[in-house]
Number of protein chains: 2
Amino acid sequence: MSLPTTPLARYVRILEVLVSCPQGLTLTQISQTVGIQASSAHRLVNALCEIGLVDRRADSKTFVLGARMERLCRLAVAPPSVIDMAEPELHELVREFSETAYLAHLNGGSVESIATAVPDDGEMTYVQPGRVMPIHATASAKAILAHQKPDIVHRLLSQPLARYTDDTTTDPQQVMQELERIRQQGFAVCDNELDPGVLSFAVPVQGAEGSVRYAIGISGFSQRMRTKPVKEVATSLRRASRTLAAKLQQFHMV
Amino acid sequence: MSLPTTPLARYVRILEVLVSCPQGLTLTQISQTVGIQASSAHRLVNALCEIGLVDRRADSKTFVLGARMERLCRLAVAPPSVIDMAEPELHELVREFSETAYLAHLNGGSVESIATAVPDDGEMTYVQPGRVMPIHATASAKAILAHQKPDIVHRLLSQPLARYTDDTTTDPQQVMQELERIRQQGFAVCDNELDPGVLSFAVPVQGAEGSVRYAIGISGFSQRMRTKPVKEVATSLRRASRTLAAKLQQFHMV
DNA sequence: TTAGTAATTTCCTATTATCGGAATTATTTT
DNA sequence: AAAATAATTCCGATAATAGGAAATTACTAA
């Protein structure tokens, strides 16, 4: 193992030595293993400590990998998925409204629920991960559709629109009108259009350059959902959407 | 996110930005995200490339985490086990002798086979991972026992020693004598003492301060094993043992 | 193709961090 | 308590860095 020559190389060697020794190393052990002077090791290790890459243990004698380094490594090995990033927001919505919260995803020509969070009371829920959301009869799909390019919308609405309940909108023109309303008010509603007696709200999740591939929503039985102030629901959904959008952007996942 | 001030902090910010973007980033993206000049980003990223922490992709425009960084992160998240480290040596032994090679481990008062490598011809093998190796009737356990403190040896040999074949040594005194011979010749033999018709060789794996908790051995049917020059077998086992011992020490696992 | 723009790379010097020997202080060990 | 070992501080010579500017290269659009 050639001796590290540049400052950066020394830092890295120290980290590698510490990685290979989870129980920690003393300063002298580090300086000898890496092959640098004790005074240098002291300074370098302290610099690593200051930015959180290394921690000095409570006994104040041994050094171990710090929280920042561990987070970095965990992310590098297993990058968080969209679902991972959405989970905190979904749980927050559940906490707030005690209804099922879900994340939907536009994949090819169909929208699918990919993550859900349910209230503790574990009541039966209609939206489950993997469920395909008909584009004309779910809040999430409509929220997403409302922000697709016109040609895509036309193509998707040109296929037959199935009827699920008396309230299902099966006329493409009417759906188009609803998409316009969704764009204006910023959230989508789905009232008894797919699952009988179920009312849902959803908002789009803004991606880069205005693209929308995800929607966040909550869903529950009409009688309970109606008691919730629409304005509050919309505000909370938008907050969740914004937070998730920021995370996605941070990780360049949009 | 405060701007990085020290050189080290900048390197780390660059790595963090790259971690959060597995598909790669261009120099400008990096310099803007981190908040440093393009020229600085260029130099820093190149320095990271030179030591292998970052790779420039084939398209020569985007940068991704390098092999060294990935190795570092993988090790930090999931430190390699003794088994991982022993595997190359076991396979080397299999390649050389075309017999089953195995790693045994002293755990509490019993020795257990914890890893095996078998020849390609996939012949039935007696030693399988998890098998408990009787301390008086297997080469690996005897190799380990021969290097334990006298009081431990006495305690282990004071319990009844089961008979498995006509050749099983069940007299503690005789076992003690054999341990002495093992210490002298440096390897242990087990001939038809546990599994009928099976002959094994094993050597201890030296840990820190002369402690021994592992043994490496090969095992096979007597008729074939007898054809192998004992000296060569012993030499190869010792080489494997030394290599593994070095790795264990490097990772402070002994 | 040809401008025109953006991104990348090189160059440069003031600034800053590093290196490591030596001295000092703290901690063990004997 | 004395000696030995480890940790920390200090400091001047050395080396790396920062970032502006300029040169080069790659991309874009007319």
Side-chain angles (χ1 to χ4, degrees), chain A residues 1-18 20-21 23-66 68-69 208-209 249 252, chain B residues 1-18 20-21 23-66 68-69 208-209 249 252:
Chain A
M1 183 79 63
S2 70
L3 285 190
T5 53
T6 79
L8 173 60
R10 297 182 173 217
Y11 283 122
V12 176
R13 289 291 298 121
I14 290 176
L15 290 175
E16 285 175 334
V17 165
L18 285 175
S20 77
C21 195
Q23 77 270 28
L25 289 171
T26 68
L27 215 52
T28 358
Q29 288 175 311
I30 293 174
S31 79
Q32 286 173 359
T33 314
V34 176
I36 55 181
Q37 295 290 111
S39 62
S40 297
H42 182 259
R43 186 174 32 78
L44 297 174
V45 170
N46 268 3
L48 289 167
C49 282
E50 254 169 47
I51 64 168
L53 252 39
V54 169
D55 262 1
R56 77 184 319 149
R57 279 171 142 192
D59 63 14
S60 94
K61 279 182 297 194
T62 63
F63 294 89
V64 294
L65 254 39
R68 188 173 178 185
M69 182 69 184
E209 298 125 31
Q249 185 162 21
H252 299 82
Chain B
M1 186 79 62
S2 69
L3 286 190
T5 53
T6 79
L8 172 60
R10 296 181 174 218
Y11 284 121
V12 175
R13 289 292 298 122
I14 290 176
L15 290 175
E16 285 175 333
V17 165
L18 285 176
S20 76
C21 196
Q23 77 269 27
L25 288 172
T26 69
L27 254 178
T28 348
Q29 289 176 311
I30 294 174
S31 78
Q32 285 173 0
T33 314
V34 176
I36 55 181
Q37 294 290 110
S39 61
S40 297
H42 182 259
R43 186 174 34 78
L44 296 175
V45 170
N46 269 3
L48 287 167
C49 282
E50 254 170 48
I51 64 168
L53 252 41
V54 168
D55 262 2
R56 77 181 321 146
R57 279 171 141 192
D59 62 15
S60 93
K61 279 182 298 195
T62 62
F63 294 89
V64 293
L65 254 39
R68 187 173 178 185
M69 182 69 184
E209 298 126 30
Q249 185 162 21
H252 299 83

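Lettering of chains follows the sequences in order, A, B, ..., and the numbering in each one begins at 1.
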Just to be sure I understand the rule, does [X] reach a base, reach only the sugar-phosphate, or reach nothing, if contact means heavy atoms closer than 4.0 Å?
X: A:Arg10; result: sugar-phosphate
X: A:Thr26; result: sugar-phosphate
X: B:Leu44; result: sugar-phosphate

Expressed as a whole number of angstroms, how long is the span from [X]:[atom1] to [N]:[atom2]?
X: B:Asn46; N: D:dT17; atom1: CG; atom2: P; result: 12 Å
X: A:Gln37; N: C:dC19; atom1: CD; atom2: P; result: 11 Å
X: A:Leu8; N: C:dA17; atom1: CG; atom2: C1'; result: 14 Å
X: B:Arg13; N: D:dT17; atom1: CZ; atom2: P; result: 18 Å
X: B:Arg43; N: C:dC12; atom1: CZ; atom2: P; result: 15 Å
X: B:Gln29; N: C:dA6; atom1: CD; atom2: P; result: 16 Å
X: A:Gln32; N: D:dT5; atom1: CD; atom2: P; result: 12 Å
X: A:Ile36; N: C:dT18; atom1: CD1; atom2: P; result: 12 Å

So how far is it from A:Ile30 CD1 to A:Leu44 CG, rounded to the nearest 0.5 Å? 10.0 Å
What distance do B:Thr5 atom OG1 and A:Glu50 atom CD have between them, rounded to the nearest 0.5 Å? 9.0 Å
Tell me which nucleotide among [options] gets nearest to the side chain of [X].
X: B:Ser39; options: D:dG20, D:dT8, D:dA18; value: D:dG20
X: A:His42; options: D:dT8, C:dT9, C:dA17; value: D:dT8
X: B:Leu27; options: D:dT8, C:dG20, C:dT9; value: C:dT9
X: A:Pro7; options: D:dA16, C:dA17, D:dT8; value: D:dA16

Is the distance from OP1 or OP2 of [N] to the nearest side-chain N or O of [X] less than 4.0 Å?
X: A:Thr28; N: D:dA7; result: yes
X: A:Arg56; N: D:dT8; result: yes
X: A:Lys61; N: C:dA26; result: no

Test item: A:Arg57 side-chain N/O and A:Gln23 main-chain N/O as donor-acceptor pair under 3.5 Å: yes
How far apart are the C-alpha atoms of A:Ile36 and A:Arg13, what are their side-chain angles, what is the distance that settles it, and do they pass the side-chain contact (heavy atoms from CB on, under 4.5 Å) test? CA-CA 10 Å; A:Ile36 55 181; A:Arg13 289 291 298 121; over 6 Å; no
For A:Thr6 and for A:Ala38, locate the closest nucleotide of DNA chain D by heavy-atom distance; then report the residue assigned to the nucleotide nearer the 5' terminus. A:Ala38
Tell me which one of A:Thr26, A:Leu25, A:Val17, A:Leu27 satisfies side-chain contact (heavy atoms from CB on, under 4.5 Å) with A:Phe63. A:Leu27
